[in-house]
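We count residues from 1, following the sequence as given.
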Amino acid sequence: MIPTASEVRALLNTLEADAVAEAALVGDRAPIDEAALRRVLTEAWGGALRGILSVMNAAGIGPDADRDGTISERELNTYLEILRYAVAVAFAAPALGHVASRLRDTYRQAARQEASEIELAFSLRTPDRLAQATVARTHAHWVTAYGQRHLEPRIADAVQAMLTAETTRAEAADGLRQLVGKVYQHGMNYWDLVVSNAVTDAREMARISVYAESGLEEVYLSTVRDRRRSEVCNLLKSRAYRVRDLTAYRDARLAAPTPEAAMSVAPMWTDKDVPILRRMVRSAGGRIPGSIGPPPLHHRCRSRLVARQPAEPVTPI
């Protein structure tokens, strides 16, 4: 028997609670780093989709359901509702608490470490609490928005194609299996991107707060010197930021009303933007202006702010 919409939501609410609990367990026993955050996200994501397949099979419409004949419009529409809701659950559950908590921990840890390195007595204040909340809210937004903007349309298109083709149950089973696999892999790839950006953002916002109290006038961009270094980071390596510019950047981030508005404060750059960045650095007298922003300068950026100028020479502008 096909479950009603309310029964579907009741089943998935249980899955949501299980996903949050699983993420909590993993998060509480893991160290504060990118691997720990990535595991929290992927465990919740994988657990939600595994649960969705179980619900579908129990309803007789899943890829492992043993039924003959042509799948009906009602069954496909029920499946569409289940999987759409599953995407919302899987993307929202990690963002509800534990990822935000991990990012706050990352912020505190980075602030303590940087303060220790420059021998500064530092304690978290109101701007730090606002910065922690801003970082958490920003990256939680991109987690949930991805499901709504990218995955739900793919799911709807795939189900509509099955319906138009009058798909048999065997064909639908194969199609559903492939679709869930693609949804899972897309989610895994996206978690990797979100985690890298979020952890770097939390760390650098914390360092900016420490530098704002340190009395330092300038800090520098330190990059990872290997073949993976982007053209953006290669251009900016070892150059100085004025601390007051970074503080203004932080304050603009905190004042942004939405995550989309925060992106305009300092967008993610690509290697195609190097000519623009070169002109911006020239206009700032060779420094990195606050309008370029701190790391992450681009997706999966591995650079960081440091108080002392790195030994690697700057790239000529």
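Note that the CZ atom of Arg203 and the CD atom of Gln113 stand 8.0 Å from one another [nearest 0.5 Å]. With values rounded to the nearest 0.5 angstrom, His298 atom NE2 is found 9.5 Å from Asn197 atom CG. Note that CZ of Arg137 and CG of Leu130 are 10.0 Å apart. Values are rounded to the nearest 0.5 Å. Distance check, rounded to the nearest 0.5 Å: OG1 of Thr134 to NE2 of His139 gives 10.0 Å. Here the straight-line distance linking atom CG of Leu254 with atom CG of Asp128 works out to 9.5 Å at 0.5 Å rounding. In this structure, CZ in Arg302 is found 12.5 Å from CG in Leu297, a value given to the nearest 0.5 Å.
Closest approach of Ile118 and Ser214 over heavy atoms only: CD1-CB, 3.7 Å. In plain terms, the two heavy atoms of Met280 and Ser291 that are nearest each other are CE-OG, 3.2 Å. Taking every heavy atom of both residues into account, Pro310 and Tyr220 meet most closely at CD-CB, 3.8 Å. When all heavy atoms of Ala111 and Leu124 are compared, the closest pair comes out as CB-CD2, 4.4 Å. In terms of heavy-atom proximity, Pro294 sits nearest to Tyr241 at CA-OH, 3.6 Å. Residues Thr223 and Cys233 share a closest heavy-atom pair of CG2-O, 3.6 Å.
Residues Glu217 and Arg242 have side chains not in contact (no heavy-atom distance under 4.5 Å, counting atoms from C-beta outward). Side-chain contact check for Tyr249 versus Met205: some heavy-atom pair is nearer than 4.5 Å. In this structure the side chain of Arg287 never reaches within 4.5 angstrom of the side chain of Asp245, judged on heavy atoms. At least one side-chain heavy atom of Tyr211 sits less than 4.5 Å from a side-chain heavy atom of Glu114. Within the 4.5 Å cutoff, side-chain heavy atoms of Leu246 are placed close to those of Leu305. In this structure, the side chains of Ile317 and Leu235 come closer than 4.5 Å at one or more pairs of heavy atoms. Side-chain contact between Val232 and Asp271 is present, with at least one heavy-atom pair separated by less than 4.5 Å. Residues His299 and Ser196 form no side-chain contact, since every pair of their non-hydrogen atoms from C-beta on lies 4.5 Å or further apart.
A salt bridge is defined here as a Lys NZ or Arg NE, NH1 or NH2 lying under 4.0 Å from an Asp or Glu carboxylate O, and Glu312 with Arg229 meets this definition.
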- Test Ser209 against Tyr107 for side-chain contact (heavy atoms from CB on, under 4.5 Å), laying out the working first. CA-CA 10 Å; Ser209 185; Tyr107 184 104; 3.5 Å; yes
- Would you sort out whether Ile292 and Val281 count as a side-chain contact (heavy atoms from CB on, under 4.5 Å), showing the intermediate values? CA-CA 9 Å; Ile292 289 179; Val281 170; 4.1 Å; yes
- Query: Could you go step by step and tell me if Arg253 and Thr138 meet the side-chain contact (heavy atoms from CB on, under 4.5 Å) rule?
  - Reply: CA-CA 10 Å; Arg253 279 278 305 275; Thr138 297; 4.1 Å; yes
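If you chain together hydrophobic residues whose side chains sit under 4.5 Å apart, Val135 and Phe122 fall into the same group. Val224 and Leu193 are members of different hydrophobic clusters when ILVMFWY side chains are connected at heavy-atom separations under 4.5 Å. Clustering ILVMFWY residues whenever any of their side-chain heavy atoms sit less than 4.5 angstrom apart, transitively, puts Ile208 in a cluster other than the one holding Val306.
Without hydrogens or angle criteria, Asp273 side chain to Thr270 main chain gives a donor-acceptor distance under 3.5 Å. Proximity of a side-chain donor or acceptor of Arg239 to a complementary backbone N or O of Thr315 within less than 3.5 Å is detected. Side-chain N or O atoms of Thr200 include none that pairs as donor or acceptor with a backbone N or O of Pro295 at under 3.5 Å. When atom types are taken as modelled, the side chain of Gln309 and the backbone of Ser238 share a donor-acceptor pair closer than 3.5 angstrom. The backbone N or O of Ala261 sits less than 3.5 Å from a side-chain atom of Ser264, completing a donor-acceptor pair.
For the pairing with Leu236, the side-chain contact (heavy atoms from CB on, under 4.5 Å) check across Leu221, Val314, Val274 returns one residue only, Leu221.
Arg250 and Thr247 share no donor-acceptor pair across their side chains, judged by distance under 3.5 Å alone.
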